[in-house]
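All remarks here apply to the structure that follows.
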Amino acid sequence: MAKSVLTPQAEDFPRWYQELIQKAELAENGPVRGTMTIRPWGYAIWEIIQRELDDRIRATGHKNAYFPLFIPMSFLEREADHVEGFSPELAVVTHGGGSELGEPVAVRPTSETVIGDAMSRWIQSHRDLPLLLNQWANVVRWELRPRLFLRTSEFLWQEGHTAHASWDEAQEETLRMHEVYADLMESVLAIRPVLGRKTDTERFAGAEATYTLEALMRDGKALQMGTSHNLGQNFARAFDIGYSTESGDRELCWMTSWGVSTRVVGALIMVHGDDSGLRLPPSLAPAQVVVLAVRETTADACTQLADSLRGLGVRVETDLDTHTGFGRRVTDWEIKGVPVRVEIGPRDLEDGVVTCVRRDSGTKERIGLDGASGAIAALLPDIQRSMLEDAASRQTEMTRDVTGIEEILASEASGFCRLTWADLGAEGERRLNADGWSVRCLAGADGEVPATPAAVESSVAYVARAY
RNA sequence: CGGGACGUGGCGCAGUUUGGUUAGCGCGCAGCGUUCGGGACGCUGAGGUCGCGGGUUCAAAUCCCGCCGUCCCGACCA
């Protein structure tokens, strides 16, 4: 067995994470503290996530647009909670064109305010509603303790912003996008997060309610994978986003916003990665299959198989670099997480087979060269399913019910601790926070996301240490 | 931003305590040869303003001051 190429997770999880990102060529630190250079392999993963999510956002009736990076400080200041929440992490530009600016401009930490300003002009009538927008952008939130993908001062994301004629519609939109996110996580990222609602202390600055998706990483810490906010009329009031009703009355709009960022790549790494490296679910692997020539003489067979796989719509790369040692190439592809590795050597060709290795399970089998592409392509959905089941059951195993806050504080265990919100309460939450725990979300006892005060009252709190 | 550790070729490190010729090692990289079915080996070679800026000294990777950066722990967040 090959010696491990990464620090084992059990030995030092943060170090494992860092080494994996470096060795899989996903990303590296930028020259300015807190910034991140996303390398081609990492960016290809993000692009697939982006495409999958963009398709879903369009399918639910939203249009993409782009708003400016620079925001007048005065905009941010119009919503009291919003500015209070974001001011500690704002990057502010004070100079431009060689001289000091009259009014400093903020680099967007999020775009509710600029978009709100635009919407106040674009919306006049109930006929303009609902207005369903989305933008793909970078945002800046100055980070004191950066970590690649998880917390960087600049990150990439998608932020949806919508305006509606009623609270009900806004609520429906908020939960619809929450569901869209859940589907993305499950069917693309092969992660099944807990769906819930943020407590008042964890709520987005300026929102009435925040809904979240929380998943457990392999080290037992939780990560927020996406959020969806019902903004009520807070921003509508601040930016005067109103419309005339059918009867001619003027009303304020009800707004939502929702976002998913490059942070999910961090989740992907920490949920699926193992001591041999990254494990990519086929649905977002830039290369779903790598066909590796053991010897130079088998290169043609590799190229042919790869072409045949491409014909079936499979994303394939070939590795014909026979000058590099075989074992070396194998471990490199394992670190990168390619779901299926097909090896073709002289022995295989003699026997009329190819050797096929699954990254998720390590299972190795020889399959007939005739019809190999079909058999290989057929593995992909199976790997996808199996990785989801793996991740979901690992999360379940790391989730336990507790009867009270003392039990949490006394434990060294990681993972989710679950108890009723009635047993915990805001005071209990404060005590947990003081000790490094946080209430990740409140999930409905009935499985529904708690949307009403009554549902919150009867909800179950998921408590964990978090990223 | 607080507490701790650390910055030496691309990566990982030794050397720093006790200043003293051309700053070493492993990996990686380039060339050649032998290898090749789970990180191969030999030979040859390239590559370093010792994080940056000051200071002390005949002499600084080494001592002093400041700054920057990285990692871990805390408060904040997608």
Side-chain angles (χ1 to χ4, degrees), chain A residues 1-7 12-15 17-19 22-23 25 28-36 84-90 108-111 137-159 181 198 201-205 210 212-214 223-229 257-267 276-277 292-298 321-335 341-351 353-355 357 362 364 366 433-438 465-467:
Chain A
M1 202 63 211
K3 66 181 175 193
S4 71
V5 56
L6 298 169
T7 299
D12 187 341
F13 195 84
R15 188 168 176 183
Y17 179 77
Q18 219 184 308
E19 287 179 358
Q22 195 213 330
K23 292 190 173 172
E25 299 179 346
E28 61 187 33
N29 287 311
V32 172
R33 180 182 161 77
T35 59
M36 167 167 64
E84 192 188 327
F86 280 110
S87 58
E89 37 187 0
L90 276 189
R108 65 177 162 227
T110 178
S111 303
N138 58 337
V139 287
V140 169
R141 299 180 186 177
W142 214 258
E143 276 302 334
L144 306 173
R145 202 179 149 192
R147 205 131 133 57
L148 288 175
F149 290 115
L150 302 177
R151 261 192 318 262
T152 47
S153 289
E154 178 193 7
F155 59 89
L156 306 181
W157 78 346
Q158 145 284 310
E159 48 178 323
Y181 287 163
K198 285 295 190 188
T201 52
E202 303 274 337
R203 190 160 30 95
F204 175 74
T210 291
T212 182
L213 299 93
E214 301 280 334
L223 185 75
Q224 177 177 311
M225 299 191 63
T227 48
S228 185
H229 317 291
S257 69
W258 25 274
V260 159
S261 75
T262 39
R263 171 181 267 190
V264 295
V265 177
S276 303
L292 187 152
V294 175
R295 298 290 174 82
E296 206 178 337
T297 56
T298 60
D321 178 25
T322 51
H323 294 290
T324 302
F326 174 78
R328 177 51 191 258
R329 291 185 288 149
V330 164
T331 49
D332 280 350
W333 289 112
E334 280 178 345
I335 292 170
R341 181 177 74 250
V342 177
E343 304 167 359
I344 304 182
R347 285 211 302 268
D348 292 311
L349 292 185
E350 268 171 41
D351 301 346
V353 300
V354 299
T355 301
V357 188
K364 187 181 279 194
R366 306 185 87 203
N433 288 346
D435 211 45
W437 295 85
S438 58
R465 297 193 187 274
Y467 278 102

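Atoms considered below: every heavy atom in the structure, side chains included; atoms not considered: hydrogens, waters and symmetry mates. Naming convention: chains lettered A, B, ... in sequence-line order (proteins, then strands); numbering from 1 in each chain.
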Inter-nucleotide [atom1] distance ([N], [M]), Å rounded:
N: B:rU16; M: B:rC36; atom1: C1'; answer: 44 Å
N: B:rU22; M: B:rU18; atom1: C1'; answer: 23 Å
N: B:rU35; M: B:rG42; atom1: P; answer: 15 Å
N: B:rG9; M: B:rA14; atom1: P; answer: 12 Å
N: B:rG28; M: B:rG48; atom1: C1'; answer: 16 Å
N: B:rU8; M: B:rC52; atom1: C1'; answer: 14 Å
N: B:rU49; M: B:rU34; atom1: P; answer: 37 Å
N: B:rC64; M: B:rC73; atom1: C1'; answer: 29 Å

(request) Assign each of A:Ser276 and A:Leu150 to its nearest nucleotide of RNA chain B by heavy atoms, then name whichever residue's nucleotide is nearer the 5' end. (result) A:Ser276

(message) Both A:Glu202 and A:Pro346 contact RNA chain B. Which one's nearest nucleotide lies toward the 5' end?
(response) A:Pro346

Which nucleotide in the set [options] lies at the smallest distance from any side-chain heavy atom of [X]?
X: A:Arg347; options: B:rG37, B:rA78, B:rG38; result: B:rG37
X: A:Asp348; options: B:rG37, B:rA78, B:rG38; result: B:rG37
X: A:Arg263; options: B:rG38, B:rC77, B:rG37; result: B:rC77
X: A:Arg295; options: B:rG37, B:rC77, B:rC36; result: B:rC36

Counting any heavy atom closer than 4.0 Å, what does [X] reach on the DNA or RNA strands: base, sugar-phosphate only, or nothing?
X: A:Glu89; value: sugar-phosphate
X: A:Leu223; value: nothing
X: A:Thr152; value: base
X: A:Gly345; value: base
X: A:Tyr467; value: base
X: A:Thr355; value: base

Rounding to a whole Å, what distance do you find between [X]:[atom1] and [N]:[atom2]?
X: A:Lys198; N: B:rA78; atom1: NZ; atom2: C1'; answer: 10 Å
X: A:Glu28; N: B:rG12; atom1: CD; atom2: P; answer: 12 Å
X: A:Arg141; N: B:rA78; atom1: CZ; atom2: P; answer: 5 Å
X: A:Glu154; N: B:rA78; atom1: CD; atom2: C1'; answer: 14 Å
X: A:Phe204; N: B:rC77; atom1: CZ; atom2: C1'; answer: 11 Å
X: A:Lys23; N: B:rG10; atom1: NZ; atom2: P; answer: 17 Å
X: A:Asp351; N: B:rG37; atom1: CG; atom2: P; answer: 17 Å
X: A:Trp142; N: B:rA78; atom1: CH2; atom2: P; answer: 18 Å

(request) Mark yes or no for a side-chain to base donor-acceptor pair under 3.5 Å between A:Arg341 and B:rG38, with no hydrogen or angle criteria applied. (result) yes

Applying a 3.5 Å limit to both distances, which nucleotide forms a Watson-Crick or G-U wobble pair with [N]?
N: B:rU62; value: none
N: B:rA30; value: B:rU44
N: B:rU49; value: none
N: B:rA5; value: B:rU70
N: B:rU21; value: none

(request) Determine, stepwise, if the pair A:Glu159 / A:Ser111 fulfils side-chain hydrogen bond (donor to acceptor under 3.5 Å, both in side chains). (result) CA-CA 8 Å; A:Glu159 48 178 323; A:Ser111 303; 2.7 Å; yes

(request) To the nearest 0.5 Å, tell me how far A:Phe149 CZ sits from A:Tyr467 OH. (result) 14.5 Å

(message) To the nearest 0.5 Å, what is the distance between CD on A:Glu202 and CD on A:Gln224?
(response) 8.0 Å

Taking side chain to side chain contact (heavy atoms under 4.5 Å, CB included) as the definition, give me every residue that meets it alongside [X], ordered by chain and number, with sequence neighbours left out.
X: A:Glu28; result: A:Thr37, A:Arg39
X: A:Glu296; result: A:Thr322
X: A:Asn29; result: A:Leu148
X: A:Asp321; result: A:Asp319, A:His323, A:Thr324, A:Arg329

Table of protein N/O atoms under 3.5 Å from nucleotides 45-47 of chain B N/O atoms:
none

Among all residues two or more places apart in sequence or in another chain, which pass the side-chain hydrogen bond (donor to acceptor under 3.5 Å, both in side chains) test with [X]?
X: A:Arg347; answer: none
X: A:Asp332; answer: A:Arg328
X: A:Lys23; answer: none

(request) Determine, answering yes or no, if A:Phe155 is stacked on B:rA78 under the 5.5 Å centre rule and the 30° plane rule. (result) yes

Side-chain heavy atoms of [X] within contact of [Y], under 4.5 Å:
X: A:Arg147; Y: A:Pro14; value: yes
X: A:Val139; Y: A:Phe155; value: yes
X: A:Arg263; Y: A:Trp157; value: no

(request) Report the residues that fulfil ring pair (Phe, Tyr, Trp, His ring centres under 6.0 Å) with A:Trp437, sequence neighbours left out, ordered by chain and then residue number. (result) none

(request) Taking ring pair (Phe, Tyr, Trp, His ring centres under 6.0 Å) as the test, write out the residues that go with A:Phe204, two or more places apart. (result) A:His82, A:Phe86, A:His229

Could you list the protein-to-nucleotides 70-74 of chain B atom pairs, N/O on both sides, closer than 3.5 Å?
unit_1	atom_1	unit_2	atom_2	d
B:rU70	OP2	A:Arg33	NE	3.4
B:rU70	OP2	A:Arg33	NH1	2.1
B:rC73	OP2	A:Arg145	NH2	2.3
B:rG74	N7	A:Arg145	NH1	3.4

(request) Spell out protein contact along nucleotides 27-35 of chain B as letters: B when the base is contacted, S when just the sugar-phosphate is, - when no protein heavy atom is under 4.0 Å; keep the 5' to 3' order. (result) ---------

